[in-house]
Each structure stands twice: as structure tokens, then as C-alpha cells.
Amino acid sequence: MSFTQTLAKRIGYGLLLLIGVLILNFTLISIAPGDVADSIAGDMGGADVTVIEEIRERYGLNQPFHIQLWRYVSGVARLDLGFSYFYNTPVTSLILEKLPATLLLVFSSQILAIVLGTLLGVLAAKKPNGIVSLLVTFLSLFGFAAPVFWSGILLIIAFVSIFPLFPVGGMTDVTVEGGWFIQLLDLLHHLFLPMITLASIYLALYSRLARASMLEVLGADYIRTARAKGLPQRAVLYKHALKNALGPLVTVAGLQFSAVMSGAVVVETVFSWPGLGTLALQSILARDTPTIMGILFFSSFVVIVVNILTDITLRLIDPRIKTG
Amino acid sequence: MANSTPNHSASDAASDEIKVSHPFAEMVSMFFRNYAAVAGLLLLIAIILFVFVGPYFHPTDPFEMVWAPFSKPMEEGFVLGTDYLGRDLLAAMMVGGQVSMAIGLSAALISLFIGVTVGAFAGYYGGFIEEALMRFTEFFQVLPTLLFSMVIVALFGASLLTVTLAIGVVSWTAVARVTRSEFLRIRELEYVAAARSGSASDWYLIFKVILPNALPPIIVQANLMVGSAILFEAALSFLGLSDPNVMSWGQVIGSNRPYILDSGFTVAIPGFAIFLTVLAISLIGDGLNDALNPKLRQR
């Protein structure tokens with residue numbers, strides 16, 4: 001199968017998964033006790049039966065299940081995720097407004113974790129019983145066992161309370177004035193702690209994986225050949241071995257992405273980062289179902305896109321891979 | 001991955017040896033030779049004793065206000081101090097730990113049940129059934145787990161049962177994959193063919209012949225799952241999505257969180273308890289992995 005055919009198949013399959021996500025969300029919400037009308041009535045401090053019926057009429061809640069589902073799915077196809085009664089805004093624009101903050105946090109922490117993790121893994125594989133190997137082992141134990149909100153809070157206590165180097169939360173400081181460069185510095189200043197927190201879990205995972213994968217590759221015949229023909233250590237490690245050791249790392253990074261989105265929810269809450277996670281928590285607490293469904297849909301969408309990108313990356317790294 | 005090259009040399013060498021001990025005894029001795037795993041086991045036993053036996057020695061009600069809020073540890077007669085409502089933090093650590101551990105264990109059992117069932121049927125039957133079940137698994141992998149369980153808890157109410165179910169229902173995919181790949185490997189082996197030729201039923205082959213032999217990696221995975229379920233519960237209650245009438249470690253962190261800049265210990269201590277517990281479990285997991293899958297030890 002050619003590359004484009006595989007890609008087309010992956011995209012088609014991704015679309016099917018998305019429709020599945022929509023149907024599941026919708027079903028869950030309709031079998032749950034209470035509906036949007038009850039929530040609105042609750043916010044109004046109680047309402048008359050006729051008023052509740054009116055609300056149901058307006059939101060189409062008195063229609064049969066399959067008609068409501070069809071209306072929702074066809075709306076989503078037109079990029080219309082419904083209307084948030086809590087924020088009084090269309091859900092799509094609400095999500096698009098918060099999405100960049102989440103993507104910035106998620107991608108920056110993933111890039112940091114992958115680059116630093118690979119580097120640590122390579123250094124550890126160079127000396128399997130050396131000090132870096134020990135560090136990688138400790139990191140991987142810590143990264144798995146430490147609750148992400150706890151490490152975030154410890155960082156806040158350390159770098160906000162004891163050594164006031166970083167802001168407590170948020171994404172920008174309104175009192176900061178200046179050109180785009182100063183604004184960018186301010187953004188990075190705010191990004192630093194949440195990024196480190198989210199990266200810490202995955203740094204542990206990737207460094208351990210990179211170490212194991214490098215150790216396996218370094219035992220291969222072609223590495224011995226490269227050494228035998230007199231290539232310097234650096235060329236062997238970074239050009240010959242690393243390129244072949246990256247495959248498992250990229251695969252796992254892709255598979256982990258939905259967990260990363262989950263981690264972002266917690267990290268955003270700890271640092272009041274104004275992204276999708278904070279929005280999700282607020283809308284869940286307010287029982288704002290259109291927004292909740294929209295966020296679930298959008299984050300699954302991002303995960304699927306990242307999975308497809310992972311496939312493409314794998315093929316670029318390793319031309320031997322034929323089909324997904 | 002499933003069809004990794006069988007390691008003939010190791011098994012041949014083992015059969016040449018004269019002294020052969022029971023595999024289980026060998027596994028136990030292998031486990032106890034791993035100091036980190038033994039340390040993890042001792043740590044876990046200590047935590048279990050603290051959580052379940054501790055309240056007999058320290059019978060304070062964790063919900064009762066006993067002193068002024070934010071009394072620092074060891075300063076005014078409270079070993080771990082008091083929380084934002086002036087409740088004894090030591091008592092909260094004990095009682096909260098019971099809930100965290102119980103939810104961790106039962107949620108892991110639920111995901112184990114779902115994962116093993118899906119993986120076993122997929123790996124045993126193959127073909128269309130496998131395709132359908134693995135697509136189903138992939139579908140659950142795409143959903144961001146924490147968000148999804150947040151939605152379940154929010155929709156169906158925050159009780160112990162819904163929280164446990166929500167965690168169990170979203171975290172079974174890894175077990176399903178492991179089980180499937182083990183089944184794919186084992187179903188081709190000779191003893192399965194032998195049992196099949198004795199006209200054993202599918203049910204018998206799946207649960208009596210293949211599953212017991214597929215258990216080692218599943219046990220390792222299940223052990224890790226208890227750890228991640230504890231973390232999961234902590235995250236949910238930290239976000240405020242747990243039963244407010246039930247104390248757990250995560251809930252203590254979540255409720256004291258607004259005051260971290262003044263008294264960090266109310267958050268640092270329960271977080272450290274979760275950290276130690278999950279650390280102990282994962283150390284045991286590494287040890288189990290080495291003891292149950294000796295072939296993978298070189299990795």
C-alpha cells in the first residue's frame with residue numbers, strides 16, 4: 001500500500017473513532033439522571049414545571065433520543081458544538097479560545113521531556129552502571145509514583161513561597177507592559193513551572209525507555225561494524241544508534257498522548273493555567289453538558305491527530321515500516 | 001512484539017542442571033534476592049499497618065475539630081499538625097489511607113476483569129472478533145482517561161461506587177493488550193494443541209489452559225494498575241470530584257489546597273503518603289517482573 005493510501009485509511013478510521021466518541025458521550029449524558037433544563041432551573045433557584053418544559057422545548061430536549069443525537073452529530077460536522085448556557089457563548093468559540101494555552105503547555109512539556117529524556121537515556125546507555133544510569137532509575141521511580149498535582153504544589157511552595165522566582169499561576173501578567181518580546185518573556189516566565197511539572201512524569205518514562213532502547217541497539221552487529229571501521233564514539237552513538245533507538249520512543253510518546261491531555265487537566269488546575277483543563281473542570285462543576293461534551297470531543301480529536309502524526313514520523317525515521 | 005524469538009538456549013541450559021527446585025520457590029527466592037523489591041514490600045506492609053492498625057492506637061475522629069487550624073507538626077501536641085478546619089491530620093492520614101487503598105485495589109480489580117476478558121477473547125479467537133475487540137480497545141485509548149472519568153463522576157454523582165467504577169472502566173486497555181499478546185503466543189504452543197486434540201471446549205482452553213500460563217505479565221501489569229488507580233483517585237478527589245463525606249488522601253490535599261502558601265505541610269504530607277505507597281507498589285512490581293519473567297531481565 002502506498003503512503004497516501006495508508007494515510008487516507010488512517011484518517012478515515014480516525015473519523016470513525018470520533019463519531020464513536022460523540023455517540024458515547026451523548027448516550028452517557030442522556031442516561032445520566034437530570035438534564036440541562038434541570039441544571040438551568042437549579043441555577044435560577046428553582047423553576048416552575050411549565051418553565052422547565054419551555055427550556056426543554058428551546059433546547060430540543062423533548063425530542064426522541066435518535067433525533068437529538070442526529071442533530072448533535074450533524075451540528076458537530078458543521079463545527080457547531082452547541083451553545084453553553086453557563087458561559088452564554090457557542091461552545092466552539094469557547095474551546096478555540098482556550099485550546100492554544102493547552103496546546104502550548106502540552107507540546108512544550110512533551111518536547112522538553114523527549115529531548116531531555118533521550119539525552120539522559122543515551123548518556124545512561126553509554127555507561128549502563130554509571131551515575132547517569134542511577135539517576136535515570138531514580139527519575140523513573142519518582143516520575144511514576146509522584147502525584148502530578150503534588151509535585152506541582154511542591155514546586156509552588158519552593159519557587160513562589162520560599163524563593164519567589166516565579167508567579168503563582170495564570171498565563172500572563174496584566175501589569176507587564178512592553179513590546180512583543182517582553183510579553184513573550186512574561187509568557188515563558190509563567191509557563192516554566194507548569195511545563196516542568198507536566199514534563200517530570202514523562203521525562204521519567206522517556207529516559208528509561210531511551211536507555212533500554214539504546215542498550216538494545218548498541219548490541220547490534222552494525223554498531224560493531226561502525227566501531228570496527230574506526231568511527232568516533234560520538235558518531236556511533238548519535239548518528240547510528242540513536243536514529244534506530246528513536247522508534248520505540250516515538251511510538252510510546254504517541255500512545256501516551258491521551259494521558260498527557262489528562263495530566264494537563266490537573267496541572268492547569270494547580271497553576272490556574274487558562275486552558276481546556278480549567279474550562280473542563282469549571283463546566284463539569286457547573287454541569288454545563290454542551291461544553292463538557294465539546295471538550296471531550298476536542299481532546300479526542302487532538303489525540304487522534306497526534307496519533308496520525310506519530311505514524312508519519314515513524315515512517316520518516318524508519319523507512320522499513322510499510323503499513324500502519 | 002508477541003512473537004518475540006523464543007529463548008531456547010536458556011531453557012535448554014536449565015533442563016541440563018541436576019538440581020531442580022519448584023518454579024514457585026524459585027520465583028520467591030528470585031524476588032527476595034532483589035533488595036529494592038524487598039524494601040518496597042516492607043514499606044507497603046508498614047503503610048498497611050499504619051493505615052489499618054494505626055487508628056486503634058490513635059482513635060481520633062478525623063472529621064472532628066480538635067484544635068486551632070494550621071497547627072504545625074509536632075508543635076502543639078499533634079504529630080502531623082492540624083488542617084484548615086483544625087482537624088487532626090494524623091487521623092486523616094490513617095482513615096484517608098484506608099479509602100485510597102480500597103479504591104485503588106477495587107478499581108484495579110475491575111480493570112483487570114475487563115482487560116483480561118477482552119484480551120483473552122481477542123487473542124484466542126482472532127479474526128473478526130479480535131479486530132472488533134481491539135478496535136474497541138483503541139477507542140478507549142483515544143479518550144483522555146481523566147477527563148472521561150471526571151465526566152462519569154460528574155454525571156452519575158460522586159460516591160465511592162461511581163469513583164471506583166469510573167477509574168476501573170477507563171484504565172483497562174493496557175491489560176487487554178498484554179493479555180491478547182500473551183494469548184496470541186501461547187495458543188500456538190504444543191500443549192494447547194494437545195489439549196485441543198483432546199476435544200477440550202473453548203472455555204476450558206481459555207480459562208484452564210492458556211490463562212494460567214499467561215498470568216506472569218498480567219500480574220505485573222495488575223500490580224502497576226493498583227498504583228495508578230491510587231494516583232487516579234487522588235487526582236479526582238484533588239479536583240473535588242469525590243464523595244465529600246469520605247476522607248481520602250487526595251481529598252485532604254484538595255481541601256487544603258487553597259492555603260498552601262501559608263501552610264504547605266497540610267498538602268505535602270498526604271502527597272508524600274501517596275508517593276510512598278505508589279513507590280512501594282512499583283518497586284514490588286519491578287521485583288515481580290524480574291521474578292516472573294526471568295527472560296526479560298537483561299533489558
Side-chain angles (χ1 to χ4, degrees), chain A residues 13-14 16-18 20-21 24-25 28-29 31-34 137 140-142 144-151 153-154 156-158 160-162 168 212 215-216 255 257-266 269-270 276-277 280-281 284-285 287 289 292-293 295-296 299-300 302-304 307, chain B residues 36 40 135-136 138-157 170 173-174 224 227-228 230-232 234-236 238-241 249-250 253-254 256-257 260-262 264-265 267-268 270-272 274-283 285-286 298-299:
Chain A
Y13 178 59
L16 273 181
L17 272 180
L18 272 179
V21 170
L24 177 76
N25 290 347
L28 264 182
I29 281 166
I31 57 175
T137 311
S140 61
L141 282 172
F142 183 86
F144 177 69
V148 61
F149 50 87
W150 181 63
S151 32
I153 288 174
L154 288 187
I156 290 186
I157 294 175
V160 178
S161 186
I162 303 177
V168 194
L215 278 178
E216 200 172 307
L255 276 177
F257 203 76
S258 82
V260 181
M261 293 293 280
S262 293
V265 176
V266 179
T269 316
V270 172
L276 278 187
L281 185 63
I284 281 176
L285 294 178
R287 283 196 66 116
T289 35
I292 301 171
M293 284 203 288
I295 293 172
L296 258 182
S299 29
S300 313
V302 171
V303 172
I304 289 172
N307 283 348
Chain B
R135 290 304 185 206
F136 182 65
E138 233 169 278
F139 173 71
F140 271 88
Q141 272 181 323
V142 163
L143 286 170
T145 45
L146 183 67
L147 262 180
F148 188 51
S149 53
M150 279 163 76
V151 171
I152 298 179
V153 172
L155 287 177
F156 296 94
V170 299
T173 51
L224 289 180
S228 50
I230 291 177
L231 288 173
F232 218 118
L236 279 178
F238 168 75
L239 293 171
L241 293 165
W249 286 337
I253 297 181
N256 283 297
R257 188 182 141 228
I260 44 168
L261 291 180
D262 304 319
F265 69 93
V267 170
F272 191 61
I274 298 172
F275 171 69
L276 279 186
T277 312
V278 181
L279 181 70
I281 290 174
S282 72
L283 285 176
D286 282 353
Q298 281 77 23
R299 293 268 169 101

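Below, chain A is the first sequence line, B the second, and so on; all start at residue 1.
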Select one option (side chain, backbone, both, neither) describing which atoms of L281(A) are under 4.5 Å from chain B's heavy atoms. both

Proximal component of F232(B), with respect to chain A [non-hydrogen, under 4.5 Å]: neither

Relative to chain B, which segment of F257(A) carries a heavy atom at a distance below 4.5 Å: side chain, backbone, both, or neither? neither

Could you look at L285(A) and say if it's the side chain, the backbone, both or neither that has a heavy atom under 4.5 Å from chain B? side chain

Contact summary for V266(A) and A235(B), nearest pair of heavy atoms: CG2-CB, 4.2 Å

Among N307(A), V270(A), I304(A), which residue forms the greatest number of heavy-atom pairs with chain B at distances under 4.5 Å? V270(A)

Find the distance between CG (D286(B)) and CG (L141(A)) and round it off to the nearest 0.5 Å. 6.5 Å

Considering only heavy atoms and a distance below 4.5 Å, find which of S282(B), A268(B), G227(B), P270(B) pairs most often with chain A. A268(B)

Structural part of I157(A) lying under 4.5 Å from a heavy atom of chain B: side chain

Is L241(B) close to chain A through its backbone or its side chain, or both, or neither, when contacts mean heavy atoms under 4.5 Å? side chain

Looking at V265(A), I284(A), L17(A), V303(A), which one has more heavy-atom pairs under 4.5 Å with chain B than the rest? I284(A)

Please identify, among V21(A), L18(A), L154(A), the residue contributing the most non-hydrogen atom pairs under 4.5 Å to chain B. V21(A)

Hey, is CZ on F139(B) packed in by over 12 heavy atoms from elsewhere, all under 6.0 Å? yes

Would you say that L155(B) contacts T289(A) through its side chain, given a criterion of any heavy-atom pair below 4.5 Å between the two side chains? yes

Reference residue F144(A); test side chain to side chain contact (heavy atoms under 4.5 Å, CB included); the match among I281(B), L279(B), L224(B): L224(B)

Between S151(A), A280(A), G277(A), A146(A), the one whose heavy-atom pairs under 4.5 Å with chain B are most numerous: A146(A)

Name the region of V148(A), side chain, backbone, both or neither, that has any atom closer than 4.5 Å to a heavy atom of chain B. neither

Plane angle bin for F149(A) and F238(B) - parallel if under 30°, tilted between 30 and 60°, otherwise perpendicular: parallel

Examine whether an atom of L16(A) lies under 4.5 Å from a heavy atom of chain B, and if so say whether it belongs to the side chain, the backbone or both; otherwise answer neither. neither

Heavy atoms only: give me the nearest S258(A)-Q141(B) pair and the separation to one decimal. OG-O, 3.0 Å

Is chain A contacted by the side chain of L147(B), its backbone, both, or neither, given a heavy-atom distance below 4.5 Å? both

Could you give the distance from CG (L231(B)) to CH2 (W150(A)), rounded to the nearest 0.5 Å? 11.0 Å

